[in-house]
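Here the structure comes first, spelled out in structure tokens, and everything after it is commentary.
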There are 2 protein chains.
Amino acid sequence: MKVPVCVLGLGLIGGSVLRAASASGRQAWGYNRSGVAAADGFDVGSDLAAALRRAAAEDALIMLAVPMTAVDHVLAAVAAVAPDCALTDAVSVKTAVVQAVARHGLSRRYVGGHPMAGASESGWAASSAALFRGAAWVVAADDGLDVEVWRAVAQLALDCGAHVVPAAAAEHDAAVARISHLPHVLAAVLAAVGGDGGELALSLAAGSFRDGTRVAATRPELVRAMCEANDAALLAALDDTVARLTDARESLRSSGSLAGVADEGYAARLRFDQLQRRAITSIDFTAADVMAQLREAGRTGGALRAS
Amino acid sequence: MKVPVCVLGLGLIGGSVLRAASASGRQAWGYNRSGVAAADGFDVGSDLAAALRRAAAEDALIMLAVPMTAVDHVLAAVAAVAPDCALTDAVSVKTAVVQAVARHGLSRRYVGGHPMAGASESGWAASSAALFRGAAWVVAADDGLDVEVWRAVAQLALDCGAHVVPAAAAEHDAAVARISHLPHVLAAVLAAVGGDGGELALSLAAGSFRDGTRVAATRPELVRAMCEANDAALLAALDDTVARLTDARESLRSSGSLAGVADEGYAARLRFDQLQRRAITSIDFTAADVMAQLREAGRTGGALRAS
């Protein structure tokens, strides 16, 4: 299962995959526009076609770790040079990538992924072989995907120290809209409403405001790239949010009570704090419904771990 | 200016005031329903009238540090036993306390306050003489307040290690609605919307969700007591929030862009991070408009510090 890995894009995530895959004993090489990692002793260049020719020659797993805006450009090169390689990605939304992969005729050996790791810094300089340790790494589990590619992608995630959460692409997008993209929008709104209160409000702000607005300090173009690429799922999460806020407002106005929102929020946060991630151990990878089995396991909080 | 202090209510805030005032060399004693602090060597009892008789005899500054729900009961005792003492409080909303104080005929020597300090634990056991170090302590600065009481309250705050932010009661309530009460409501809503995403969403949640929902782990009755007592100001902050969220949603739906909310949130968080608190040094406490001077200084980000 330890196939070589060709990493396209060497920012925080791609760089960390290159480092972690190498550290786990795999052949791994990469492409970056600037070839930045070459100086650190990694086999990295700025020649995309050359990296892909080697991938085709060694039957490597190709990992797309470029921003959503660069996906089309890189997929065109993959289709031209290494169309038969196993292919995965690390983009934070999945449905949009599935569609792009299909446009380039590369669906047959594509299984999407999303390592749920981040850091306050970005770029190769911030990358680390340890970035994925203890993190969730979603591997898409839609019907019709190639089971061998699925296992190869999952093994890469495990080798990087992550645990694998299987999910349908659309379910992934709906989930991350709620727990990753919505928090960024709410942090921005809270910061702006606090700022509307002027110097007095900002000078009194402490823990709850600081925590609630922390990710509003993320560069706006990164927030936009992530959120806008998942617009359909984020719109649904925003509708849910506006409905709950409007209910809370109406309850406060008409009866002076915030009981509903306070109790529901407390209960949900408690569920989060007490979440027990079940180990997925009983998947039959030869079964016809293996993807359905994987999805169901992920949907109920399960994850695959390195044995 | 170092008048004795009689602290009524010895939870986290009242207990910390008793400790800090004692540590600064003041005479300080307290009342608590359970008399809990007596064992720690402080002069504390469960006899409210006795504590107030001593306050009247020693012309002490009385500090109300009970929850909003107990304010009326304690004010009735103050009015009966020590109506001529200087009076302040530590309740997290000000307009509602101003009204209660007026109902009990105690407005003449009342100057409200709000130490902006907290901790994840509550109660006497969590109290500390260091709780207010580096924290803002709002002292109400409305027209007609007694200047000598104002200075006594401010001196207590400075002795406790805080810096004093002067603000009109209504301005205080509007500000904390935005930077303290709204963050609790948004944290609860975010937790609930995340929970609506089921086990999959919660199992993928990481930093942005954890930070954004941290204060949703606060006991709901504490969140309600704080937010519901400030309902008018919180309703205005909620309206601003819903309007901004609805604008963001409409922009995402119609043009696929979150530029407005992302840019505004980033700019506001940057203002918060870069806030320079100006020192208030030039107040003339004998001037007729001293409260207006103080309010204006607080409104523009100023604070009094210990010299």
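First the proteins, then the strands, lettered A, B, ... as listed; each starts at 1.
Proximity to chain B (any heavy atom under 4.5 Å) is shown, for A:Ala205, by both the backbone and the side chain. Only the backbone of B:Thr300 has a heavy atom closer than 4.5 Å to any heavy atom of chain A. In this structure, no portion of B:Ala187 lies under 4.5 Å from any heavy atom of chain A. Only the side chain of A:Val215 comes within less than 4.5 Å of a heavy atom in chain B; its backbone stays farther off. When heavy atoms are compared at a cutoff of 4.5 Å, B:Val193 approaches chain A by way of both its backbone and its side chain. Heavy-atom distances place the side chain of A:Ala136, and not its backbone, under 4.5 Å from chain B. The parts of A:Ala259 that come within reach of chain B are both its backbone and its side chain, each placing non-hydrogen atoms under 4.5 angstrom from that chain. Interface residue B:Ala188: backbone and side-chain heavy atoms are both found under 4.5 Å from chain A. Residue contact with chain A, scored on non-hydrogen atoms closer than 4.5 Å, is absent for B:Ala174. The part of B:Arg277 that comes within reach of chain A is its side chain, from C-beta onward, which places non-hydrogen atoms under 4.5 angstrom from that chain.
Atom OG of B:Ser257 is separated from atom CD of A:Glu228 by 5.0 Å, given to the nearest 0.5 angstrom. Expressed to the nearest 0.5 Å, how far CZ of B:Arg224 lies from CG of A:Asp263 amounts to 6.5 Å. Distance check: B:His181 NE2 to A:Phe209 CZ gives 14.0 Å after rounding to the nearest 0.5 Å. Interatomic distance, OG of A:Ser203 versus CE of B:Met116, reported as 8.5 Å (0.5 Å rounding). Separating the CD atom in B:Glu199 from the CG atom in A:Leu275 is a distance of 5.5 Å, to the nearest 0.5 Å. A distance of 13.0 Å separates OH of B:Tyr266 from OG1 of A:Thr213, quoted to the nearest 0.5 Å.
Note on A:Arg299, A:Glu171, A:His114: by heavy-atom pairs under 4.5 Å with chain B, the leading option is A:Arg299. Comparing A:Gly194, A:Ala237, A:Gly256, A:Gly301 by how many heavy-atom pairs each has under 4.5 Å with chain B, the most go to A:Gly256. The candidate from A:His172, A:Arg219, A:Arg271, A:Glu221 with the greatest count of non-hydrogen atom pairs under 4.5 Å with chain B is A:Arg271. The residue among A:Gly195, A:Gly302, A:Ala243, A:Ala201 with the most heavy atom pairs within less than 4.5 Å of chain B is A:Ala201. Taking B:Gly212, B:Ser180, B:Ala216, B:Ala177 one by one and counting their heavy-atom pairs under 4.5 Å with chain A, the maximum is reached by B:Ala216. Considering only heavy-atom pairs separated by less than 4.5 Å from chain B, the leading option among A:Leu204, A:Leu238, A:Thr246, A:Val242 is A:Leu204. Between chain B and the options A:Leu270, A:Asp273, A:Val261, the largest number of non-hydrogen pairs under 4.5 Å is found for A:Val261.
We find that A:Arg244 and B:Asp196 are joined by a salt bridge, their nearest charged nitrogen and carboxylate oxygen being less than 4.0 Å apart.
Residue A:Arg253 is tested with B:Leu234, B:Leu235, B:Asp239 for a side-chain contact (heavy atoms from CB on, under 4.5 Å); the sole match is B:Leu235.
Between A:Leu258 and B:Val223, the closest side-chain pair of non-hydrogen atoms is not below 4.5 Å. Looking at B:Val185 and A:Leu252, their side chains never come closer than 4.5 Å, going by heavy atoms from C-beta outward.
Dense packing is recorded around CZ of B:Arg278, with more than 12 heavy atoms of other residues, nucleotides or ligands lying under 6.0 Å away.
Listed for the A:Arg269 side chain is a donor-acceptor partner under 3.5 Å among the backbone atoms of B:Arg210.
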